[in-house]
Amino acid sequence: MLYFFTFGSLIKYSIITDDFLFNWTTFVGIYESLKTNVPYLKYYAVIFFMGTGISFLYISMVYQSITWFSSEVKKLIANFYKYDFPEVKIITEYGEIKGQLRDIHNKSQVTLIENGIMKTVQWDKIEIMEVGKKI
C-alpha cells in the first residue's frame, strides 16, 4: 500500500514528464503551494542551497581523494618494481630504441632508460615492441 502511494505521488508531482521534458506547470504549482503553505520559505531555500553547495564540495573532495590515492598507489607499485621492469626494444618508422621501461602510465608516451639516458616514444608511433629480461 505504501509503495503504491509513494509511486503515485512521485508520478503526480514529478516535474519530468514521460518524454523527459521539464514540466513547468507542475513546478510552478508546487512552488506556489509551498509559498502559501510553508512559513519562512526563503529560510528553507537558503538552507537547501547551502546544503547542496556543501554536498558538491564534499563530492569534489572525495573525487580528488580517490584520484590522489589511485595515482599514489600506482607510483608506489611502479617505484617498487622500477629495477625489475623488463628490457624493451621498440621499433618505430624512425628506427629502433632499446631500454628498460620506466613509465607506462602516461597516456601519450612510454618512457625508457638506458645507461642513464631517458628516452620517450609516443604510443601511436610504435610499430613493434619486444619485451624480455635482456634484449
Side-chain angles (χ1 to χ4, degrees):
M1 177 74 173
L2 183 61
Y3 171 76
F4 290 118
F5 175 74
T6 305
F7 186 70
S9 296
L10 289 174
I11 289 174
K12 181 179 178 186
Y13 297 112
S14 176
I15 58 173
I16 307 296
T17 60
D18 293 337
D19 53 358
F20 298 107
L21 296 175
F22 192 78
N23 189 347
W24 282 103
T25 308
T26 305
F27 178 74
V28 170
I30 291 171
Y31 175 74
E32 290 297 325
S33 173
L34 287 173
K35 195 164 88 172
T36 57
N37 295 326
V38 177
Y40 307 112
L41 181 63
K42 291 180 184 179
Y43 171 75
Y44 291 119
V46 167
I47 297 298
F48 172 77
F49 287 117
M50 284 176 54
T52 303
I54 290 171
S55 296
F56 282 125
L57 178 69
Y58 283 145
I59 288 170
S60 66
M61 288 171 54
V62 166
Y63 175 76
Q64 289 208 330
S65 296
I66 289 171
T67 55
W68 174 81
F69 179 76
S70 174
S71 67
E72 288 300 312
V73 167
K74 286 179 185 176
K75 284 180 190 175
L76 284 173
I77 292 171
N79 287 339
F80 182 77
Y81 290 106
K82 184 187 301 186
Y83 300 106
D84 252 1
F85 277 172
E87 294 285 328
V88 176
K89 180 169 88 172
I90 296 175
I91 299 173
T92 67
E93 62 187 61
Y94 303 111
E96 181 179 292
I97 301 168
K98 292 182 182 179
Q100 185 181 28
L101 279 176
R102 283 295 180 208
D103 183 18
I104 58 171
H105 298 295
N106 192 324
K107 293 181 181 177
S108 61
Q109 60 191 12
V110 62
T111 305
L112 307 173
I113 192 163
E114 181 182 36
N115 299 329
I117 299 171
M118 189 174 291
K119 305 169 185 179
T120 60
V121 179
Q122 292 181 350
W123 283 108
D124 59 350
K125 300 294 182 192
I126 296 175
E127 293 177 359
I128 299 172
M129 179 185 271
E130 296 177 7
V131 180
K133 281 295 183 188
K134 284 291 182 186
I135 291 183

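Note: hydrogens, waters and symmetry copies are ignored here, and every other heavy atom, side chains too, is used. The first residue of the sequence shown is numbered 1, and numbering continues consecutively from there.
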Is there a donor-acceptor pair under 3.5 Å between the side chain of S33 and the backbone N or O of G29? no
Taking atom CE of M118 and atom CD1 of I113, what is their separation to the nearest 0.5 Å? 5.0 Å
Under a 4.5 Å side-chain heavy-atom rule over Ile, Leu, Val, Met, Phe, Trp and Tyr, are Y63 and L57 clustered together? no
Taking L34 as the starting point, is it possible to reach Y43 by hopping between hydrophobic residues whose side chains are less than 4.5 Å apart? yes
Rounded to the nearest 0.5 Å, what's the gap from CG on N37 to CD on E32? Could you check? 10.5 Å
So OG1 of T36 and OH of Y31: to nearest 0.5 Å the spacing works out to 10.5 Å
Are W68 and V73 linked, directly or through intermediate hydrophobic residues, by side-chain heavy-atom contacts shorter than 4.5 Å (ILVMFWY only)? yes
How far apart are the C-alpha atoms of E72 and F69, what are their side-chain angles, what is the distance that settles it, and do they pass the side-chain contact (heavy atoms from CB on, under 4.5 Å) test? CA-CA 5 Å; E72 288 300 312; F69 179 76; 5.7 Å; no
With rounding to the nearest 0.5 angstrom, report the NZ to CG distance, K89 to L112. 13.0 Å
According to side-chain contact (heavy atoms from CB on, under 4.5 Å), who are the partners of I126, at least two apart in sequence or on a separate chain? I90, V110, V121, W123, M129
Backbone N or O of I66 within a donor-acceptor pair of the S70 side chain at under 3.5 Å? no
Minimum heavy-atom distance I97-K119, with the two atoms named: CG2-CD, 3.6 Å
Report the distance from atom CD1 of I47 to atom OG1 of T52, rounding to the nearest 0.5 Å. 11.0 Å
Hey, quick one: are I30 and W24 part of the same hydrophobic cluster, counting side-chain heavy atoms closer than 4.5 Å, chains of contacts allowed? yes
Just wondering, do K98 and E87 contact through their side chains at under 4.5 Å, heavy atoms? no
Group every Ile, Leu, Val, Met, Phe, Trp and Tyr by side-chain heavy-atom contacts under 4.5 Å, then state whether V38 and Y40 land in the same group. yes
